[in-house]
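Below, chain A is the first sequence line, B the second, and so on; all start at residue 1.
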Number of protein chains: 2
Amino acid sequence: MHKKPKQPDQGKISPGFRGRIWIDGKEGTFLGYGRIILLERIRECGSITKAAKSMEMSYRNAWELVDSMNKQSSRQLVETATGGSGGGGAILTDEGEKAIKLFWEFHEDFQNFLRREENKLMLSKSTQQGKIKNKGR
Amino acid sequence: MHKKPKQPDQGKISPGFRGRIWIDGKEGTFLGYGRIILLERIRECGSITKAAKSMEMSYRNAWELVDSMNKQSSRQLVETATGGSGGGGAILTDEGEKAIKLFWEFHEDFQNFLRREENKLMLSKSTQQGKIKNKGR
DNA sequence: GAGCGTAATATACAAAAAGGAATAACGTTA
DNA sequence: TAACGTTATTCCTTTTTGTATATTACGCTC
């Protein structure tokens, strides 16, 4: 039983370069880290209720996020059904899969960007303080 | 009289790729967008009070940010004086200047990163839907 | 020593965001 | 038709966050 993915691997270790990214839609945030985790959990769990519980998120919050994402996309990312066998449920659409993929690519690029920035800083520091052992070339 | 720089040029236009960056220190955030603007205003105004007013920030908030930055750096970014001619004031140190420069470089690189990501998406979309007019090669 | 404008700090208040709990509606299943 | 587990929605409480206000201390100027 896994829990609490909320925080991207970034924000905690300190010190260093940090950041958060998201994708905006017509009405504000469309895709963000928490939303993507939620989509993945819905895919695994088959319902918003179970997905929310699995990540210690209130159903209310989870539902609002799903609603927000669906409203901001021409095609639904999650299809829901009330009633029926098992009481209903939620499934991830192909569009939802695309969203997950899109965001993780963005996310990975960003992680690499942060690493490059830290390296850049280290280099500039060593060449600055440096000249300590300026081995000719 | 200028005001309200609070929001980076990013977060509003929508839709698209967005993000925020900051630099962490020992006790959490060390440098961020608002903090840098504050440092610049302190440099211009010569006091925390005036700097805070100029950007519609409460003195309390501004003071806490300055305190946080100073505590997390081996050298103060802002030197303050209570009493004295004019009642005191605050001046930006060389270390403060360095901080501003460091953050803006980070910020600029990040803006470029976001642009590259958007271009990347546009390209992948056009080659995907494309084949509409696949002109040879 | 009185006056000045600032830093520094504490207290109380207000607005906003987040969370919890309760309820209705829904469509299968038995 | 009764039961079930889920979606969908509302209301209220709690927590957080920010702001406004007031007070003290400070060191120069006059």
Side-chain angles (χ1 to χ4, degrees), chain A residues 3-7 11 20 22 27-29 32-35 37-39 41-73 76-93 96, chain B residues 3-7 11 20 22 27-29 32-35 37-39 41-73 76-93 96:
Chain A
K3 290 194 175 183
K4 283 241 176 192
K6 278 188 177 179
Q7 284 289 63
R20 294 190 184 204
W22 66 91
E27 304 170 16
T29 302
Y33 188 86
R35 290 170 185 234
I37 300 292
L38 177 60
L39 290 182
R41 294 298 175 90
I42 288 173
R43 176 175 53 191
E44 297 167 14
C45 302
S47 83
I48 297 177
T49 299
K50 287 175 188 161
K53 276 178 187 162
S54 84
M55 56 192 291
E56 287 186 340
M57 179 183 279
S58 69
Y59 172 82
R60 183 171 170 264
N61 189 8
W63 183 87
E64 281 174 353
L65 294 181
V66 169
D67 184 57
S68 166
M69 288 186 277
N70 276 342
K71 279 195 298 189
Q72 295 190 65
S73 174
Q76 287 194 326
L77 308 193
V78 173
E79 277 175 3
T80 61
T82 95
S85 77
I91 62 166
L92 194 66
T93 67
Chain B
K3 289 195 176 182
K4 284 241 176 191
K6 278 187 177 178
Q7 284 289 63
R20 296 191 183 202
W22 66 91
E27 305 169 17
T29 302
Y33 189 86
R35 291 170 185 235
I37 300 293
L38 177 60
L39 290 182
R41 294 299 175 90
I42 288 174
R43 177 175 52 190
E44 296 167 14
C45 302
S47 82
I48 297 178
T49 300
K50 287 175 188 162
K53 276 179 186 162
S54 83
M55 54 191 293
E56 288 186 340
M57 178 182 283
S58 67
Y59 172 82
R60 182 171 172 265
N61 190 8
W63 183 87
E64 282 174 352
L65 294 180
V66 169
D67 185 56
S68 165
M69 288 186 277
N70 276 341
K71 279 196 297 191
Q72 296 191 63
S73 173
Q76 287 195 326
L77 308 192
V78 173
E79 278 175 2
T80 60
T82 93
S85 76
I91 63 168
L92 194 68
T93 66

(request) Starting from C1' on D/dT9, measure out to CH2 on A/W63 and report it in whole angstrom. (result) 7 Å

(message) Does a side-chain N or O of A/S85 approach OP1 or OP2 of D/dG5 to a distance below 4.0 Å, or not?
(response) no

(request) For A/T49, answer base if it contacts any base atom (sugar-phosphate contacts may also be present), sugar-phosphate if it contacts only those atoms, and nothing otherwise; contact means non-hydrogen atoms under 4.0 Å. (result) base

(message) If I take atom CG in residue A/N61 and atom P in nucleotide C/dA21, what distance separates them, rounded to the nearest angstrom?
(response) 15 Å

(request) Tell me which of A/S58 and A/T82 sits closer to the 5' end of DNA chain C, going by the nucleotide each one is nearest to. (result) A/S58

(message) Looking at B/Q72 and B/E27, would you say the former's side chain and the latter's main chain have a donor-acceptor pair under 3.5 Å?
(response) yes

(request) Please determine, for the side chain of B/Y59, which listed nucleotide (D/dT19, C/dT9, D/dT6) has the closest atom? (result) C/dT9

(request) Mind calculating the distance between CD1 (B/I91) and P (C/dA7) to the nearest angstrom? (result) 12 Å

(message) With nearest nucleotide decided by heavy atoms, which residue, A/E64 or A/G89, maps closer to the 5′ end of DNA chain D?
(response) A/G89

(request) Measure the distance from CD on A/E56 to P on C/dG19 and round it to the nearest whole Å. (result) 11 Å

(message) Which residues pass the salt bridge (charged side-chain N to carboxylate O under 4.0 Å, His left out) test with A/R43, not counting sequence neighbours?
(response) A/E97

(request) Could you grab the distance from atom CD of A/E64 to atom OG of A/S58, nearest 0.5 Å is fine? (result) 7.5 Å

(request) Nearest whole angstrom, please: distance from the P of C/dT9 to the CD1 of B/I48. (result) 11 Å

(message) How many whole angstroms separate atom NZ of B/K71 from atom P of C/dA8?
(response) 12 Å

(request) Establish whether the base of D/dG18 is bridged to the side chain of B/R60 by a donor-acceptor pair shorter than 3.5 Å. (result) no

(message) Please check: side-chain N/O of A/R41 versus main-chain N/O of A/I48, any donor-acceptor pairing under 3.5 Å?
(response) no

(request) Calculate the interatomic distance between A/L65 atom CG and C/dA18 atom C1'; express it in whole Å. (result) 12 Å

(request) Would you kindly give the CD-to-C1' distance between B/E79 and C/dA8, to the nearest whole Å? (result) 17 Å

Less than 3.5 Å apart, which donor and acceptor atoms pair up between the side chains of residues 78-92 of chain A and the rest of the protein, not counting sequence neighbours?
none

